[in-house]
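Report on one structure; see the data block that follows.
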Amino acid sequence: DNGDDRASLIPRYIRVNTSVWSTEAAVKEFISRGYVVGDPTQSKGFAHDEHIPNLLLFHPRATFHEDPLYLSGKIILQDKASCFPAVVLAPPRSEDAVVIDATAAPGNKTSHLSALMGNKGKLYAFERDSKRYKTLQMMTSKAHCKNVETLNQDFLTTDPADGHCSEVTHILLDPSCSGSGIVNRMDHLLAAEQEDDDQEERLAKLAAFQLLMIRHAMKFPSVKRIVYSTCSVHATENENVVREALKTEEASGIFELAPRTMVLPTWHRRGMPEEMDDPGTFMLSPPISALVLTCYSSRRLCCAM
Ligand code: SAM
């Protein structure tokens with residue numbers, strides 16, 4: 001069993017872009033092409049994902065990169081793990097919704113949030129890197145996101161008390177990380193890590209940055225929920241960062257880790273119990289998807305206002 005074998009067992013996931021299409025219409029379209037609802041391990045089989053609405057599974061070798069449905073933005077090629085953060089954030093679906101995607105490029109989670117918001121209200125998508133920002137612009141325009149305003153700006157330089165920032169209620173934080181949970185890179189990375197003396201130092205630097213990002217998000221005066229996700233397998237970047245964030249003055253009396261009942265109660269695999277026996281974190285095991293994800297979710301308590 002190696003990384004490539006595991007990667008080749010992962011179904012091909014397609015998220016129907018509900019901003020412009022419906023899953024019902026998508027299913028009809030695939031059936032008209034000879035696909036059969038049922039077993040996605042069969043070359044023409046496909047199925048609905050049991051956890052993520054509007055996500056379809058196909059055979060691992062099915063390809064849609066050249067498909068007109070993909071080129072026109074009706075379907076998005078997005079792995080299951082990458083779909084969890086937006087679903088867990090559950091942004092509001094109303095004209096006065098104000099939401100932030102703090103680290104947005106290439107933009108799959110941005111277009112997912114936009115679709116969950118019904119393409120209504122306002123979604124500010126920050127991306128600090130100018131090259132990646134161009135990709136973000138291209139992806140959000142291809143996905144017909146009308147409620148997204150992209151900003152080529154460092155999220156940490158925003159003033160939470162300023163203008164629309166003060167109205168933001170939901171923030172998605174998917175910051176740069178070691179990427180150690182990405183399956184098709186995993187084995188090669190693990191080998192490299194064993195030789196890498198600087199590994200701990202590198203993770204500590206990433207963790208310090210990730211903590212800053214959460215602390216900044218917690219300063220937004222109306223924020224009710226923050227979802228923190230990484231594609232790292234290291235507790236240093238996951239549980240530890242969240243634990244440290246909860247100890248800060250920004251969090252004190254205001255934020256708490258969401259209870260299990262609020263965060264995918266049916267999801268069986270939670271964070272590392274030896275690191276944090278808290279229910280708000282969860283992980284996806286590699287055979288299920290390409291990423292390992294830890295989720296931090298918090299809510300503002302009314303009594304602290
Ligand atoms: N959420 C994206 C998606 O699902 O398509 C992936 C985000 S990627 C893991 C992290 C991104 O955050 C990178 O593009 C990086 O350039 C950007 N970034 C890192 N620090 C940032 C900051 N302080 N402000 C804005 N963007 C930042």
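Atoms within a ligand are numbered from 1 in the order they appear, just like the ligands themselves. Along the sequence shown, residues carry numbers from 1. Keep in mind that this is a model prediction, so the values were computed, not measured. Any value given below was found using the heavy atoms of this structure, including those in side chains, with hydrogens, waters and symmetry copies removed.
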So which heavy atom in the protein is nearest [atom], and how far is it from that ligand atom?
atom                    : answer
atom 5 (O) of ligand 1  : Gly107 N, 3.0 Å
atom 4 (O) of ligand 1  : Lys109 NZ, 2.9 Å
atom 10 (C) of ligand 1 : Asp174 O, 3.4 Å
atom 22 (C) of ligand 1 : Asp154 OD1, 3.5 Å
atom 18 (N) of ligand 1 : Thr103 CG2, 3.9 Å
atom 19 (C) of ligand 1 : Ser176 OG, 3.3 Å
atom 11 (C) of ligand 1 : Glu127 OE1, 3.6 Å
atom 14 (O) of ligand 1 : Arg132 NE, 2.4 Å

At under 4.0 Å between heavy atoms, is it the side chain or the backbone of [X] that contacts ligand 1, or both, or neither?
X      : answer
Cys231 : neither
Gln153 : backbone
Ala104 : backbone
Arg128 : both

Looking only at distance, does [X] have an N or O less than 3.5 Å from an N or O of ligand 1?
X      : result
Asn108 : yes
Phe155 : yes
Ser82  : no

Is it the case that the ring center of Phe84 lies less than 6.0 angstrom away from the ring center of Tyr13?
no
Pairing donors with acceptors under 3.5 angstrom, does anything connect the side chains of [X] and [Y]?
X      : Y      : answer
Ser82  : His112 : no
Thr23  : Asn54  : yes
Thr230 : Gln210 : no

Measuring from [X]:[atom1] to [Y]:[atom2], what's the distance to the nearest 0.5 Å?
X      : Y      : atom1 : atom2 : value
Met117 : Lys146 : CE    : NZ    : 13.5 Å
Lys142 : Ser72  : NZ    : OG    : 8.5 Å
Thr103 : Ile171 : OG1   : CD1   : 11.0 Å

Out of curiosity, is Gln78 lining ligand 1, as in a heavy atom under 4.0 Å away?
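Under 4.0 Å: no for Gln78.
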Does the Asp79 side chain pair with the main chain of Ala81, one donor and one acceptor, at a distance under 3.5 Å?
no
Taking Glu127 for the side chain and Ala105 for the main chain, is one N or O donor matched with an acceptor at less than 3.5 Å?
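Pair found, side chain donor or acceptor close to backbone of Ala105.
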Smallest separation among heavy atoms of His59 and Thr41, with atom names:
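Closest approach of His59 to Thr41, heavy atoms only: CD2-O, 3.1 Å.
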Pair Glu29 + Arg33: basic N to acidic O under 4.0 Å:
yes
Closer than 4.0 Å to some heavy atom of Phe209 - which atoms of ligand 1 meet that?
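Those qualifying, in numeric order: 19 (C), 20 (N).
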With atoms numbered from 1 as shown, which atoms in ligand 1 lie under 4.0 angstrom from a non-hydrogen atom of Pro175?
9 (C), 10 (C)
